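Predicted model, so just to flag it, every value in this text is computed and none were measured. Residue numbers begin at 1 in each chain, while the letters A, B, ... track the order of the sequences.
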Amino acid sequence: MNTLAWWLIRAQFRTRRTATLLSMLAIALGVALGYAIHLINDAALADFGRAMKTVQGDPDAVVGARDSAGGVPVATINAIASDPAVLVVAPVIETRVRVNSVRTPVRLIGLDVFSAAAVMPWLLPRQDDRSTTGGILDGDVYASPSLLAKLGLQAGATVTLARGDREWLTKIAGDLPATGPDDLLLVADIAWVQERFGPNEAVGEGRVRLAPEVDLATWRTALQARLPPGLLVRAAEDDRTRVSNLSRAYRVNLNVLALVALLTGAFLVFATQLTAIAQRSTQFALLGVLGLSPRMRLLQVLLEGLAIGIPGAVVGLGLGYALAFAFTQILGGDLGGGYFSGSTPSIVPQPAPLLGFLALGCVASLAGALYPAYLNRVQPLAQALKTGFAQSRAAFSARSRWLLAALLALAAFVLAQMPPLFELPLAGYAAIALVLMIGVSSAPLFTRALFGWLAKRRLPAAQQIAIQNVAQAPLMAQVAASGLIISFALTASMVIMVASFRVAVDHWLDHVLPAPLYLRGKATPLPQELLDALAGTQTPFARIERSAQETLVIDPQRPSVALLVRELERDNPAARLPFTGPVVAPPADMPVVWISEPMHEIYRIAPGQTLRLPLRGHDVEVFVGGVWRDYSRQFGAVAIGRDDFVRLGGRFAPSELALWPLPGQERLASDWLAPWTDRYGLELADSLEIRQLSLSIFDKSFAVTYALEAAAMLIGLFGLAVTLAASVWLRARELATLGALGFDRRMLGRAVMVEGALIALVGLLIGLACGVAIGGILTHVINPQAFHWRMALTIPWPAVIAGALLTLAAAIVASRYAARQATRLPVARVLASAD
Amino acid sequence: MPNSSCPMLAVADLAKRYADVGRPLFSGIDFAVAAGEIVALVGESGIGKSTLLNCIAGLETADCGSVHIGPHALDMVRLDEAARAALRARNIGFVFQAFHVLPTLTVAQNIIVPLLLARVPSGEHATRTQALLERVGLAGFADRWPASLSGGELQRVAIARALVHRPALILADEPTGNLDPRTASDVLSLLLERVREQRAGALIVTHSQHVAQCCDRVLTLTANGLA
Ligand SMILES: Nc1ncnc2c1ncn2[C@@H]1O[C@H](COP(=O)(O)OP(=O)(O)OP(=O)(O)O)[C@@H](O)[C@H]1O
Ligand SMILES: [Mg+2]
């Protein structure tokens with residue numbers, strides 16, 4: 001039995017090389033994408049985790065302030081250290097400095113060597129024979145080897161460290177051998193850092209190592225209760241969750257795209273196997289007559305599917321590895337998503353996912369072969385032997401099909417209204433799947449209606465015959481149309497979603513970049529000297545707005561929220577913030593903040609409510625005045641007016657300026673700023689540049705999507721070509737007979753071509769309708785639920801219609817090819833051959 | 001010599017009617033074919049000969065009656081689909097008017113198919129195939145592809161395939177219908193010789209007087225049953 005199965009599989013590969021190879025390739029593509037995404041993400045997370053571990057060590061818990069500008073009082077650290085449950089608490093201060101006026105600031109970590117040895121050994125300086133730890137206590141600074149390499153320095157070099165407008169000359173005493181290649185950092189003694197960068201009576205964090213018998217959860221709850229409200233105890237677990245939350249939605253979205261690629265692969269296997277059993281129906285019937293059991297007739301087709309799936313999946317795994325490798329080299333660990341910047345993680349395949357993706361490829365190809373296998377199983381033997389592939393007449397009536405479509409549409413609508421599950425738009429994805437099902441299940445209705453209507457027209461005889469054929473035996477036409485429906489719907493929906501998003505980002509940029517010029521200090525505050533100079537009267541600027549940014553931890557398991565301190569008017573914030581709804585006036589005695597849309601959705605806070613903000617060691621109650629659109633900070637942002645911020649005890653240290661040069665003095669303005677930017681490594685950009693940069697980042701992050709769209713379209717077209725060719729092949733004898741009866745072959749060829757074009761037209765029209773619906777779901781359900789980005793639906797009709805016309809043209813070429821194949825067969829041979 | 005004590009095929013009270021045709025195609029069909037006996041089935045076109053053959057082979061379901069096949073006399077009518085396939089694989093050999101040689105397998109592979117289906121140990125495949133190819137005059141054709149064979153040669157391949165697993169019963173539907181008279185008579189005598197040699201029973205549907213004359217017995221299917 002195995003021999004026969006093997007013979008048939010080999011014969012199948014030999015006689016249908018192109019179709020088989022392309023199905024294999026499609027499966028490979030789906031597996032490759034899924035596997036690559038998995039590998040890249042795994043590597044990026046591992047890399048991120050490793051980098052975090054180098055710097056943070058592996059403490060059991062970390063005590064820190066909720067706001068980035070806050071700190072842990074030294075008294076609190078001392079109190080924790082005297083807790084018998086605590087073995088060690090290592091105080092740390094972290095700040096950013098510029099080294100030798102290189103623009104990008106680096107992290108300077110101040111630590112206490114004795115406690116750091118227990119908690120963060122990776123940050124310890126190299127030990128040499130002469131001086132053990134003397135150097136660091138004497139005020140020496142140590143640099144990671146990668147930072148030394150980047151700056152072109154050696155141990156022993158003297159460098160200037162700058163922050164704001166203050167500078168210090170210091171010596172780099174040695175390196176930090178245990179840091180990784182991506183860690184650009186400096187380490188110094190904590191007292192040394194405190195003395196120069198403050199604050200003196202507080203530290204940034206205390207990293208705690210507990211005694212072995214202590215239960216972390218109990219200890220943590222007890223400590224949290226004793227701590228002032230501005231401080232927070234985090235467990236290592238929280239960090240892991242937060243890191244994984246960081247890119248989760250993006251990752252899931254990419255995985256869904258990979259799944260789509262895999263599904264199209266399954267569809268190709270379906271088209272290939274369906275045509276394969278149709279073409280070999282007499283052969284299978286003969287084998288059945290000779291005694292091949294019905295089960296084996298089913299299994300054979302499944303085995304053939306698997307024979308496509310296994311090599312496809314294996315190739316896909318290799319391809320996925322190569323893709324992952326290439327992409328991490330080019331785009332970094334986040335595929336251009338911008339979550340883990342600056343690292344090139346190494347790809348390490350693990351056995352379990354490898355087998356998992358292999359299985360996925362096999363399952364996809366088996367799923368594709370399932371219906372053809374079933375059809376093959378139920379072919380009536382005697383009849384198939386006599387007249388070939390028997391199409392069972394429509395199993396469903398037109399009415400039940402309409403009903404089914406209506407029910408599915410209703411279900412899709414309901415699913416699209418559902419809230420996210422596990423913070424993921426799972427119901428939205430299900431709704432998309434339903435829309436595709438509606439498209440595919442309604443294809444027979446439309447093909448039958450169109451071809452039935454055409455069959456009644458008075459047309460040239462050859463045309464009439466071709467159309468009659470589709471009206472009578474619509475299976476192949478439906479399969480061909482389905483492929484186009486799915487691929488065009490997915491492509492069109494992506495185009496629609498990306499266009500809507502781009503238009504929205506474009507509008508949004510208009511609103512958030514009101515000034516012609518922007519000056520930034522790259523995570524370090526702007527020098528006071530510059531601010532003073534700008535406050536003088538001799539400047540070429542009509543208007544200057546200052547802003548500062550901090551981060552706040554609202555929930556330790558989520559990425560932190562940005563706190564934007566801006567010069568906003570309490571009663572007219574809409575002048576600067578793009579509000580999505582009404583702005584509520586705050587009570588006179590309360591500080592007011594305006595939250596971003598993601599913040600509004602993640603933490604479920606609405607305008608008119610109050611919010612407790614962790615600021616400078618206190619929980620401050622603030623009024624939420626409105627929700628503004630923000631496409632750049634996916635994890636939430638809170639905007640607060642400078643005056644309110646200062647009143648709440650904040651120190652306003654601007655790190656960014658929006659500048660309006662006096663009319664006609666734009667050149668002068670740039671020249672005026674140039675010495676400052678050079679001296680302090682500041683970044684000056686005009687709004688046009690920022691805008692272009694933002695849009696190019698946007699386009700880069702959708703690069704993967706474009707590649708997938710192209711692949712989907714190609715697969716759909718190929719499915720059309722395969723099914724058309726097969727349907728023509730099945731009618732080879734009929735066509736040859738017509739030729740023998742005196743029909744012009746060219747006319748017959750043209751008739752087949754018109755048939756293909758009409759099928760493609762039906763597929764494209766249904767695909768377009770589904771594409772618009774799916775585009776709507778992507779824009780209004782998936783994007784808000786996964787990324788908290790809301791936007792209006794914009795359909796780029798010219799692009800969509802151009803795409804449809806292009807596909808139609810390609811479909812006509814494909815059917816022309818099929819027609820050629822059919823009419824090229826020698827009449828005599830076709831008529832003589834029985835099979 | 002026919003041995004009527006052990007029929008290879010025993011049909012009793014067989015009837016068939018198509019749902020969309022009013023009157024039954026045939027009913028009350030009774031006959032037997034003994035080992036080594038060759039029976040011709042004739043009758044006018046459209047009377048139901050092929051349908052009767054299909055009912056015997058279990059390719060179509062009879063409405064009533066029984067069809068006992070082979071040394072174990074299993075009743076085809078009462079078996080399920082899988083068991084019918086297994087019974088065909090072990091006990092029936094087919095020859096068709098349209099040859100039906102699998103175009104994607106070589107001549108030898110085509111002949112091995114029934115051995116695979118009947119689960120004959122693979123050690124015997126080569127010798128049996130080789131021997132039969134010689135018996136049907138196709139020695140040296142083992143590795144040829146069917147597309148390169150003439151009709152007569154194809155039908156010899158089909159005969160070899162029908163006999164290779166030593167079935168109890170050979171069913172042939174107009175085996176010479178597609179061949180010229182000369183080739184037809186060659187192929188027929190070959191078929192008859194091999195069937196007698198293997199002491200199988202054979203039921204041959206034919207329109208040819210010549211074919212009918214060469215058989216041991218002739219049954220005629222009429223609208224009123226067998227005569
Ligand atoms: N699946 C079917 N459904 C309905 N009627 C059928 C079916 N198959 C065959 N028939 C009818 O049954 C009758 C007998 O057909 P069958 O093929 O058995 O005839 P036959 O005796 O073999 O004829 P021929 O000598 O021309 O081959 C015919 O009238 C045919 O139209
Ligand atoms: Mg017949």
Side-chain angles (χ1 to χ4, degrees), chain A residues 1-17 20 276-277 279-300 304 377-388 390 393 729 732-733 825-826 828-835, chain B residues 50-55 57-61 80-106 108-120 122 125 145-147 150-151 154-155 158 161-162 164-165 167 171 173 177-178:
Chain A
M1 208 57 54
N2 294 331
T3 322
L4 182 59
W6 178 234
W7 283 353
L8 292 176
I9 289 172
R10 263 201 353 223
Q12 180 63 0
F13 277 30
R14 206 173 46 233
T15 50
R16 306 194 36 162
R17 217 167 283 150
T20 311
I277 62 131
Q279 290 184 353
R280 291 179 299 163
S281 59
T282 19
Q283 298 180 36
F284 271 116
L286 172 75
L287 288 170
V289 168
L290 294 185
L292 187 68
S293 68
R295 202 171 55 101
M296 275 310 294
R297 267 184 285 145
L298 182 95
L299 276 182
Q300 181 65 34
E304 286 175 6
R377 156 80 180 74
V378 299
Q379 282 287 304
L381 293 180
Q383 198 184 330
L385 198 58
K386 199 162 57 184
T387 51
R393 297 296 297 168
W729 197 96
R733 200 187 319 203
L825 295 170
R829 218 191 79 205
V830 174
L831 288 178
S833 80
D835 295 320
Chain B
S50 298
T51 307
L52 177 57
L53 219 58
N54 286 342
C55 287
L59 301 175
E60 287 188 48
T61 42
D80 68 11
E81 208 187 337
R84 290 205 299 255
L87 184 58
R88 282 198 297 273
R90 286 172 193 281
N91 287 313
I92 304 183
F94 287 91
V95 184
F96 306 93
Q97 177 177 7
F99 320 140
H100 288 311
V101 173
L102 294 175
T104 53
L105 301 185
T106 62
Q109 286 175 332
N110 263 287
I111 297 174
I112 292 174
V113 167
L115 296 178
L116 292 170
L117 292 173
R119 295 170 197 276
V120 172
S122 61
H125 293 185
W145 294 100
S150 75
L154 283 176
Q155 198 61 311
R161 184 181 62 194
V164 70
H165 54 306
L171 297 176
D173 197 346
N178 276 8

Which atom pair, heavy atoms only, marks the closest approach of B:Thr104 to A:Arg14?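 Looks like O-NH2, 2.8 Å.
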
Are the side chains of B:Glu60 and A:Pro380 in touch, meaning some heavy atoms are under 4.5 Å apart?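 They are not in side-chain contact.
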
Side-chain (B:Arg88) to main-chain (A:Gly288) donor-acceptor, under 3.5 angstrom: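 Present.
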
Chain B contacts, top residue of A:Leu381, A:Leu287, A:Thr15, A:Leu286 (heavy-atom pairs, under 4.5 Å):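 Of the options given, most contacts go to A:Leu286.
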
Report which part of B:Arg161 has an atom under 4.5 Å of a heavy atom belonging to chain A: side chain, backbone, both, or neither. side chain

Proximal component of B:Gln109, with respect to chain A [non-hydrogen, under 4.5 Å]: both

Going by ring pair (Phe, Tyr, Trp, His ring centres under 6.0 Å), name the residues that satisfy it together with B:Phe96, two or more places apart in sequence or in a different chain.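 Ring pair (Phe, Tyr, Trp, His ring centres under 6.0 Å) list for B:Phe96, sorted by chain: B:Phe94, B:His100.
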
Could you check whether atom CZ of A:Arg295 has more than 12 heavy atoms from other residues, nucleotides or ligands sitting under 6.0 Å from it?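 Atom CZ in A:Arg295 is not crowded, with 12 or fewer foreign heavy atoms closer than 6.0 Å.
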
Specify which of B:Ala85, B:Pro114, B:Ala82, B:Gly58 makes the most heavy-atom pairs with chain A at under 4.5 Å. B:Ala85

Which distance, rounded to the nearest 0.5 Å, do you find between the CH2 of A:Trp7 and the CG of B:Leu102? 10.5 Å

Report the residue from A:Leu4, A:Leu8, A:Leu292, A:Thr3 that forms a side chain to side chain contact (heavy atoms under 4.5 Å, CB included) with B:Val113. A:Leu4

